[in-house]
Amino acid sequence: MALNLDHSTAIRPQTAARPSLIGLSKAQLAETLVANDVVGEKEGRMRSSQLWNWLYVNGVTDFDRMTNVAKPVRQKLADTFILDRPEIVTEQVSVDGTRKWLFRFRDPQNPNFPAVEVETVYIPESDRGTLCVSSQVGCTLTCSFCHTGTQKLVRNLTAGEILGQILMARERLGDFPGGSRPDDGGLVPSGENRAITNIVMMGMGEPLYNFDNVKQALLIASAGDGMSISKRRITLSTSGVVPYIERTGSEIDVMLAISLHAVRDDLRDVLVPINKKWPLKELLEACRNYPGLSNARRITFEYVMLDGINDSDAEAKELVRLLAGIPAKINLIPFNPWPGSNYGTSPSSRIERFADIVNRAGYASPVRTPRGRDIFAACGQLKSESERLSKKDRDALAGV
Ligand code: SAH
Ligand code: SF4
């Protein structure tokens, strides 16, 4: 089923630039309420806790629904702030139940600035539901097998925009109290109350090149008195931005995935060009030192299977040798083609043989079944039309 909700013509009129409260930490929320004279200093903490609960537990977007907040305060809030969620440009549902949204964000501080668009994907499985979230519009990196890599970086997403993807997906999937599930079947994993149980930062962009905003968003998403998504169920995937790997563990404390894809520097330099800056030796050293690493908290190494490029028996053996001593899982991803891509997917017999070698060395190495290929929602297929403006155009729009 491919359901397309095209709201692209429904551009909302821009009113005065009111900032959004989504994406502020609880302490920042209290400060903001006080600084804008919505409440007095004494009330700041109490009101911010109430708001936090409305925003992240109840998923409310309308201040008027905050029934335990006095009416005049609600009015002041509505006059001063917004609780913006992205617009849905399209929503597609794959034959396998995978759902892909194209979300559009506007800059509330800068109403004339062009909106940007990103893709977010929901993957239902029997025992979990995973939301694949974007961190940037486009990517500065140019991994040669990745569709996102062909889109220049437009900009980093804010913490509020990263959370906005999660909030909007939860709304669409009926994950907030009183919400209703879409009736297209097969979406809700059995035995779970929530449609979204896991988050992976594996959408568009390199999350560690937008560290502060990704950190803020993931700390809010995992806060126990808010959306309460367990940090063990949040995975951040990086192409290998070595200086931020330690900080990911110590400051965000989520699960780590590394886009490895090659076992030799000369090949990885081509497939994942950031390797020229931080080669395999440094990358693996950072992995060995990842805070909290243990057999119960392994690093996932992602390995895209490219026909005739990186899929030989010798490479499987070298992979095992390289990872020795690192508590690891290996995720073999059949290459997902996209228009204009120059690679082929390894035949399934080759993937099985590769997986066999890795399994025999004691690694669980699930081969990731491509999901949502019919709606172009599989790994590495995400891209949006947003384009980078020239400096001249940006300055003109910003009134510089
Ligand atoms: N930028 C981050 C996260 C996003 S990509 C990173 O690179 O880790 C999520 C995963 O999909 C990465 O391992 C990426 O290398 C992989 N990938 C990219 N393009 C792909 C493709 N066409 N087929 C299969 N996997 C792909
Ligand atoms: Fe960027 Fe990740 Fe794609 Fe590489 S694989 S271009 S880092 S999104």
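Note that ligands are numbered from 1 as they come in the structure, with each ligand's atoms numbered from 1 the same way. Every value quoted in this text rests on a predicted model; they were computed, and no experiment measured them.
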query = Which atoms from ligand 2 have a heavy atom of Leu141 less than 4.0 Å away?
reply =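 The list of qualifying atoms is 6 (S), 7 (S).
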Under 4.0 Å to a heavy atom of Ser239 - the qualifying atoms of ligand 2, by number =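 Per the distance check, 7 (S).
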If you measure from each heavy atom of [X] to ligand 1, is any distance below 4.0 Å?
X      : result
His261 : yes
Tyr343 : no
Gly203 : yes
Gly205 : yes

Nearest protein heavy atom to [atom], by residue and atom, and its distance?
atom                    : answer
atom 17 (N) of ligand 1 : Phe145 CE1, 3.7 Å
atom 5 (S) of ligand 1  : Met202 O, 3.9 Å
atom 11 (O) of ligand 1 : Cys379 CB, 3.6 Å
atom 3 (Fe) of ligand 2 : Cys146 SG, 2.4 Å
atom 3 (C) of ligand 1  : Ser237 O, 3.6 Å
atom 12 (C) of ligand 1 : Ser259 OG, 3.1 Å
atom 19 (N) of ligand 1 : Gly380 CA, 3.0 Å
atom 10 (C) of ligand 1 : Glu302 OE2, 3.7 Å
atom 1 (Fe) of ligand 2 : Cys139 SG, 2.4 Å

Below 30° counts as parallel, above 60° as perpendicular, anything between as tilted: where do the rings of [X] and [Y] land?
X      : Y      : result
Tyr209 : Trp278 : tilted
Trp101 : Phe103 : parallel
Phe376 : His147 : tilted
Phe211 : Tyr244 : tilted

key: Pair Asp79-Gln75, side chain to side chain donor-acceptor pair (under 3.5 Å): steps then yes or no   = CA-CA 6 Å; Asp79 290 343; Gln75 190 56 52; 3.1 Å; yes
query = Between Thr238 and ligand 1, which residue portion shows a heavy-atom distance shorter than 4.0 Å: side chain, backbone, both, or neither?
reply =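 Backbone only; the side chain of Thr238 stays clear of ligand 1.
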query = Testing Ile229, Ile162, Thr130 for side chain to side chain contact (heavy atoms under 4.5 Å, CB included) with Ile199, which one passes?
reply =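 It is Ile229, the one option of Ile229, Ile162, Thr130 that forms the side chain to side chain contact (heavy atoms under 4.5 Å, CB included) with Ile199.
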inquiry  = I'd like to know: is atom 3 (Fe) of ligand 2 within the 2.8 Å range of an N/O/S atom from Cys143, strictly under that distance?
reply    =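 Checking atom 3 (Fe) of ligand 2 against Cys143, no N, O or S atom falls under 2.8 Å.
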Are [X] and [Y] connected in the hydrophobic side-chain network, where two residues link if heavy atoms are under 4.5 Å apart?
X      : Y      : answer
Leu167 : Ile234 : yes
Leu218 : Trp52  : yes
Ile357 : Leu322 : no

query = Which is closest to atom 2 (Fe) of ligand 2 by heavy-atom distance: Gly205, Gly138, Gly203, Gly149?
reply = Gly205
query = Which is closest to atom 22 (N) of ligand 1 in terms of heavy atoms, Asn336, Thr345, Val304?
reply =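 Of the listed residues, Asn336 has the closest heavy atom.
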Counting each atom of ligand 1 from 1 as listed, which ones have a heavy atom of [X] under 4.0 Å away?
X      : answer
Ile333 : 24 (C), 25 (N)
Trp338 : 22 (N)
Glu206 : 1 (N), 2 (C)
Cys146 : 18 (C), 19 (N)

message = I'd like to know if Asp313 pairs up with Lys317 as an ion pair, taking the criterion as any Lys NZ or Arg NE/NH1/NH2 lying under 4.0 Å from an Asp or Glu carboxylate oxygen.
response =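 No salt bridge links Asp313 with Lys317.
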inquiry  = Salt bridge or not between Glu318 and Arg264? Use side-chain N to carboxylate O under 4.0 Å.
reply    = no
ask   = Please walk me through it: do Asp64 and Arg74 pass salt bridge (Lys or Arg N to Asp or Glu O under 4.0 Å)?
value = CA-CA 6 Å; Asp64 244 2; Arg74 272 161 28 200; 3.4 Å; yes
ask   = Would Asn53 and Asp225 count as a side chain to side chain donor-acceptor pair (under 3.5 Å) if you check the C-alpha gap in whole Å, the side-chain angles of each, and the deciding distance to 0.1 Å?
value = CA-CA 7 Å; Asn53 187 277; Asp225 56 356; over 6 Å; no
task = Quick one: closest heavy-atom pair of Phe176 and Val57, and the distance?
result =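 Here Phe176 and Val57 meet closest at CD2-O, 3.6 Å.
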